[in-house]
2 protein chains.
Amino acid sequence: MDTNTVLGDDLTGYDPAAFERPSVTVDVVAFTAKNDRLHVLLVRRGVAPFAGAWALPGGFVKMDEDLDDAARRELSEETGLTANVHLEQLYTFGKPGRDPRTRVISVAHMALLPAPDSGLPGALAGEPHGGTDAAEAAWWPVDTLPPALAFDHAAILALALSRLRAKLGYTSVAVALLPPEFTLSELQRTYETILARPLDKRNFRKKMLAAEGLLEATPRQKRDGAHRPAQLFRFTNREPVFLG
Amino acid sequence: MDTNTVLGDDLTGYDPAAFERPSVTVDVVAFTAKNDRLHVLLVRRGVAPFAGAWALPGGFVKMDEDLDDAARRELSEETGLTANVHLEQLYTFGKPGRDPRTRVISVAHMALLPAPDSGLPGALAGEPHGGTDAAEAAWWPVDTLPPALAFDHAAILALALSRLRAKLGYTSVAVALLPPEFTLSELQRTYETILARPLDKRNFRKKMLAAEGLLEATPRQKRDGAHRPAQLFRFTNREPVFLG
DNA sequence: TTAATAGTGTCTCTTAGACACTATTAT
DNA sequence: ATAATAGTGTCTAAGAGACACTATTAA
């Protein structure tokens, strides 16, 4: 709960100044798949500590703001994107000393964005553009990160990555990284990008098409280059769902 | 991270009084299996709001205390138990208004305790005894809970329960609910208690014994009543592990 | 001998994974 | 014709789940 009934914890007639309180922030691990590589959004810090280092986007939770609203706000300040973003809470990092200045408890979130080059309305979908601040923001391939991330952000990122990979196996999270319509090859490339290993084409297609309530064929095809056009599919549910 | 580089978020020379901050608490969903039923630890609130209602044990995170240390402390204040407790972070609940008094962000944890009647050293292992406060604390069967839990604690409990059930399938969390040595029937009853459904005895034993690095037979047997004695087993790892 | 729990094997069905060729298009 | 990607089926091995009887003990 919020308080137990220990006398010292009684909040009736509570004086907000009576106890020292930690700061609460949200950090966002935003992934996207571009150029067949998984990328994460990082911002470069302008001030100490870790000035000049790359860090996850994040910031304070406002007093009247839900945690995922705060995460969404921080993300949109960096990317300008709010629609089509899958957001989920990851873990809360609160070890004393993780921020050298003061006690900071950070609720880490994972965000998944459709690939910026996926032809969504609004050409810069998923493109970081500095947002409301002048800080540098960029998509970094997860297999080629800058040398030292600020704070404990390397650990947060590692957790997000393992969670994403795990969820790929039993949910349809890939929805959140793909445009509304896509080919089975594009879907497979997304899986391969995230898992960082090749998958067998026939087995992959068999499994995806066999999954109950996952994919629907559209009447459209995608024709690309000098090869056979590909059937376009869409996800039955726009939200990621559990797969039995 | 903790701050991005938005000007207003610059914490250099930070004045702790400059921003209003939420309160941060931990809540603990403590499970144990007794009398072939899954139980959760609840405390009765003595003060408003929700005076007289049952609630999860919890309380403020101290300024120099890690989140899971806070959870462990709150739990031990209710149960007196610190050893042999498996504790993991569950989810952070922070919706404005979830506590009618002030903004409270609560980091919920799940704890698993060995059954109190399992013959551990210290006869009251897992028995709640009011701890440092005078509040009433009791183990409630999860299928017969008191009518209305305080705050959003029913949702927290529901989440913990589904997490526990899910983890039973792919980890050895059951370690944390059993004494060091146990029979396969006891192990099966623990699973059935948590999942609230019967399992096939032959399939269950086949699977458990086939699991690599999970169980070890001890040279001991348990003889109980008027029937064949049972082989005692122990877990190879005292910590819950992932099962491939 | 009875009541109570421990312990044991087979069959079927589903799923995962290895594996190679044909189809269609633009140039 | 060639290069490039789409699309397709079979076999095997492993795991999940249905299913019923014998073994050992205390009373």
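Just so you know, these numbers come straight off a predicted model, no measurement behind them. Proteins get letters first, then strands, A, B, ... in listed order; numbering begins at 1 in each.
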Looking only at side-chain atoms of [X], point me to the closest of [options].
| X | options | value |
| --- | --- | --- |
| A:His227 | D:dA23, D:dA4, D:dT25 | D:dA4 |
| A:Ala230 | D:dG7, C:dG7, C:dG17 | D:dG7 |
| B:Arg202 | C:dA18, C:dG7, D:dC19 | D:dC19 |
| B:Ala226 | C:dA26, C:dA3, C:dA6 | C:dA3 |
| A:Lys201 | C:dA23, D:dT8, C:dA6 | D:dT8 |

Rounding to a whole Å, what distance do you find between A:Leu199:CG and C:dG17:P? 9 Å

Whole angstroms only, please: what is the CG-P distance between B:Asp200 and C:dA6? 14 Å

Checking only heavy atoms, does the side chain of [X] share a donor-acceptor pair with the base of [N] at less than 3.5 Å?
| X | N | answer |
| --- | --- | --- |
| A:Lys206 | D:dG7 | no |
| B:Lys207 | D:dA16 | no |
| A:Lys222 | D:dT5 | no |
| A:Asp224 | D:dA4 | no |

Determine the minimum heavy-atom distance between B:Thr218 and B:Arg234, stating which atoms define it. CG2-NH1, 3.7 Å

Using every non-hydrogen atom in the two residues, find where B:Glu186 and B:Leu178 come nearest and quote the distance to one decimal. O-CD2, 4.3 Å

So, is B:Arg223 near the phosphate of D:dA26, with a side-chain N or O under 4.0 Å from OP1 or OP2? yes

Is there a side-chain polar atom (N or O) of A:Ser185 under 4.0 Å from OP1 or OP2 of D:dA6? yes

Any base atoms under 4.0 Å from A:Arg205, or only sugar-phosphate, or nothing? Heavy atoms, all strands. base

Centroid-centroid under 6.0 Å between A:Phe151 and A:Phe93 rings: no

Please confirm whether B:Tyr191 and B:Phe204 have ring centers closer than 6.0 angstrom. yes

